[in-house]
J.: 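One structure follows; several queries about it will come next.
Below, read A as the first sequence line, B as the second, and so on, with proteins coming before strands; counting in each chain starts at 1.
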2 protein chains.
Amino acid sequence: MTHQDWRETLRTRGYRLTPQRELILNAVDTLGHATPDEVLAEVRTHSDAVNVSTVYRTLEVLEELGLVRHAHLSDRAPTYHSVRDHEHFHLVCRNCRTVISVEPDVIEPLTSRLDADYSFTVDVGHLTVFGTCQECTG
Amino acid sequence: MTHQDWRETLRTRGYRLTPQRELILNAVDTLGHATPDEVLAEVRTHSDAVNVSTVYRTLEVLEELGLVRHAHLSDRAPTYHSVRDHEHFHLVCRNCRTVISVEPDVIEPLTSRLDADYSFTVDVGHLTVFGTCQECTG
DNA sequence: TTCCATGCAAACACTTTGCACCGTG
DNA sequence: CACGGTGCAAAGTGTTTGCATGGAA
C-alpha cells in the first residue's frame, strides 16, 4: 500500500473523499502510533472542524481499506498506525512503555509452528508482545 | 503456585483474608478465562454481597500476588485466569472468538530471538496472538 | 482497637448511536 | 439531487475513586 493511491482506494470501494478522511489519514501518518484522541488532537492543529465520532468512524473505514491498522500497546485505548511501509509488529516494555517495531521475519518461526500445529494463521500486524526492555531489565 | 497456599500468600504479604477474596479467586478458577463482569456474575451465584469495585480491586491484588493473570482476548474487557497450572499464552480467532491455550515452548524460538536481538524479555503469560483458526480459514 | 477492605455512588475514560443537516459524486 | 458522511448530544460500556462503614488481625 503506497501513499499516493489512497484516494483511489476509497473511490474504487465506493467511499467518498472528504477533507476529514484526508486529515485523519495524514494525522495517523504523522504520529506513528496514536490513539483516536491523539489523532483528533493532531487533526485539530490543522483544522478545527472534525468531531470525535468522525475520527472513530474514519479510523474504522481506513482500517477496513487496509490503509491503517490498530494494535493494543497499552491496557487502555488502541493505537493506530499507517500501513504505508511494510507490515510489522510491536514490542512494548511494561515498565517504561517504550515501543519497538519489529520486522515480521523475526516471528516467522512462531507463525509456521502455529500454522503447522494448530492450523492457526497469525495476524502479525496486530500483534503486541509485552515484556521488559534492555534498560528496564536491571 | 498451588491451590492450597493462597491464604498464606496473602498473609505473608500483609493482605487480609476476606470472604470476597476467596469467592473471587474461586470464581476465576471456575471460569477459566473471565472478564471482571463475568467474575462478578459467578461470585453472585454463591453470594450476593460483592460489589463491582471489590472485584476490580481484588483482581488487581490477586494479580500482584501472582495468583491470577490477565490477558486481552478481545478489543473490550480483559480476561483473568488462574495461574494454578503452568504458564501459557493464547491464540484468539478473530472470526469465531475461539481461544486456544498454548504451551510456552512453542514460543521459545521467538523469545530467544527477541532476547538476542533486542535484549527484550517477553512476558509470555500476557501474550495474546490474534489470527484465524482452522475452521474459519476456509 | 487498629487499619485494611468493602460498599456505594459518583466520576471518569473511551466508544457508539440516532438523527438532522451537509456536501461529494 | 441522492445518498453517504458529518456534527452534535446523549447514551453505553468498562473502570476508578472518595468517603463512610465494617470486620480481620
J.: May I ask you to verify if any side-chain N or O of A:Arg11 is less than 4.0 angstrom from the OP1 or OP2 atom of C:dG25?
T.: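 Checking C:dG25 against A:Arg11, no side-chain N or O comes under 4.0 Å of OP1 or OP2.
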
J.: Could you give the CD-to-P distance, from B:Glu60 to D:dG14, as a whole number of Å?
T.: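 Those two atoms, CD and P, are 19 Å apart.
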
J.: Is the shortest side-chain N/O distance from A:Thr18 to OP1 or OP2 of D:dT6 below 4.0 Å?
T.: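 For A:Thr18, the contact criterion (side-chain N or O under 4.0 Å from OP1 or OP2 of D:dT6) is met.
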
J.: Could you check how far CG of B:Leu10 sits from C1' of C:dC4, rounded to whole Å?
T.: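 That distance rounds to 12 Å.
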
J.: Check this one for me: any side-chain N or O of A:Asn51 less than 4.0 Å away from OP1 or OP2 of D:dC8?
T.: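 Yes, such a contact exists.
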
J.: Tell me if a side-chain donor or acceptor on B:Arg44 pairs with a main-chain N or O of B:Val50 at a distance below 3.5 Å.
T.: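 Yes, B:Arg44 side chain to B:Val50 backbone: donor-acceptor pair under 3.5 Å.
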
J.: Taking OP1 and OP2 of C:dG23, is either one under 4.0 Å from a side-chain nitrogen or oxygen of A:Gln20?
T.: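 No, outside the criterion.
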
J.: Going by modelled atom types, is there a donor-acceptor pair between the base of D:dG7 and the side chain of A:Arg57 at under 3.5 Å?
T.: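 Yes, a donor-acceptor pair under 3.5 Å.
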
J.: Rounding to an integer number of Å, can you tell me how far A:Leu40 CG sits from C:dC14 P?
T.: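 From A:Leu40 CG to C:dC14 P: 12 Å.
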
J.: Under the 3.5 Å rule, do the base of D:dG5 and the side chain of A:Arg16 count as making a donor-acceptor pair?
T.: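 A donor-acceptor contact between them is absent.
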
J.: Tell me, yes or no, whether the heavy-atom count around A:Glu60 atom CD, taken from other residues, nucleotides or ligands under 6.0 Å, exceeds 12.
T.: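 Counting other residues, nucleotides and ligands, CD of A:Glu60 stays at 12 neighbours or fewer.
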
J.: In this structure, how many angstroms lie between the C1' atom of D:dT6 and the CZ atom of A:Arg44, rounded?
T.: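 So the two atoms are 13 Å apart, to the nearest Å.
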
J.: Under 4.0 angstrom, heavy atoms only, what part of the nucleic acid is A:Pro19 near: base, sugar-phosphate, or nothing?
T.: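 Nothing, no heavy atom under 4.0 Å.
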
J.: Rounding to an integer number of Å, can you tell me how far A:Asp75 CG sits from C:dA13 P?
T.: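 Rounding to the nearest Å, CG of A:Asp75 and P of C:dA13 are 16 Å apart.
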
J.: Please determine whether side-chain hydrogen bond (donor to acceptor under 3.5 Å, both in side chains) holds for the pair B:Asp29 and B:Ser82, giving the CA-CA distance in whole Å, both sets of side-chain angles, and the decisive distance to 0.1 Å.
T.: CA-CA 5 Å; B:Asp29 268 341; B:Ser82 175; 2.7 Å; yes

J.: Is there a donor and acceptor pair closer than 3.5 Å between the side chain of A:Thr35 and the base of C:dC14?
T.: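 For A:Thr35, whose side chain was compared with the base of C:dC14, there is no donor-acceptor pair (under 3.5 Å).
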
J.: Send over the distance from B:Glu38 CD to D:dT13 P, rounded to a whole Å.
T.: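 It works out to 15 Å between those atoms.
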
J.: Quickly work out the A:Leu59 CG to D:dT6 C1' distance and round it to whole Å.
T.: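 A:Leu59 atom CG is separated from D:dT6 atom C1' by 15 Å.
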
J.: Roughly how many Å is it from CG in A:Leu23 to C1' in D:dG7, rounded to a whole number?
T.: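 Answer to the nearest Å: 15 Å.
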
J.: May I ask you to evaluate whether A:Ser53 reaches the phosphate of D:dG7, defined as a side-chain N or O under 4.0 Å from OP1 or OP2?
T.: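 No, outside the criterion.
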
J.: Just to confirm, is there a sub-4.0 Å distance from OP1 or OP2 of C:dA5 to any side-chain nitrogen or oxygen of B:Arg21?
T.: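 Result: yes.
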
J.: Counting only side-chain N and O atoms of B:Tyr56, is one of them less than 4.0 Å from OP1 or OP2 of D:dT15?
T.: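 Checking D:dT15 against B:Tyr56, a side-chain N or O does come within under 4.0 Å of OP1 or OP2.
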
J.: Contact between B:Glu38 and B:His33 at the side-chain level, heavy atoms closer than 4.5 Å - yes or no?
T.: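 Side-chain contact under 4.5 Å: no.
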
J.: Which nucleotide, D:dA25, D:dG7, D:dG14, lies nearest any side-chain atom of B:Leu17?
T.: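 Among D:dA25, D:dG7, D:dG14, the one nearest the side chain of B:Leu17 is D:dA25.
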
J.: Both B:Pro78 and A:Val55 contact DNA chain D. Taking the nearest nucleotide for each, which residue is further toward the 5' end?
T.: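 The residue closer to the strand's 5' end, by nearest nucleotide, is A:Val55.
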
J.: Would a line drawn from the ring center of A:His88 to the ring center of A:His86 be shorter than 6.0 Å?
T.: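 Centroid separation for A:His88 and A:His86: 6.0 Å or greater.
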
J.: Counting only heavy atoms not in B:Glu103, do more than 12 sit closer than 6.0 Å to its CD atom?
T.: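 Yes - once you tally the heavy atoms of other residues, nucleotides and ligands closer than 6.0 Å, there are more than 12.
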
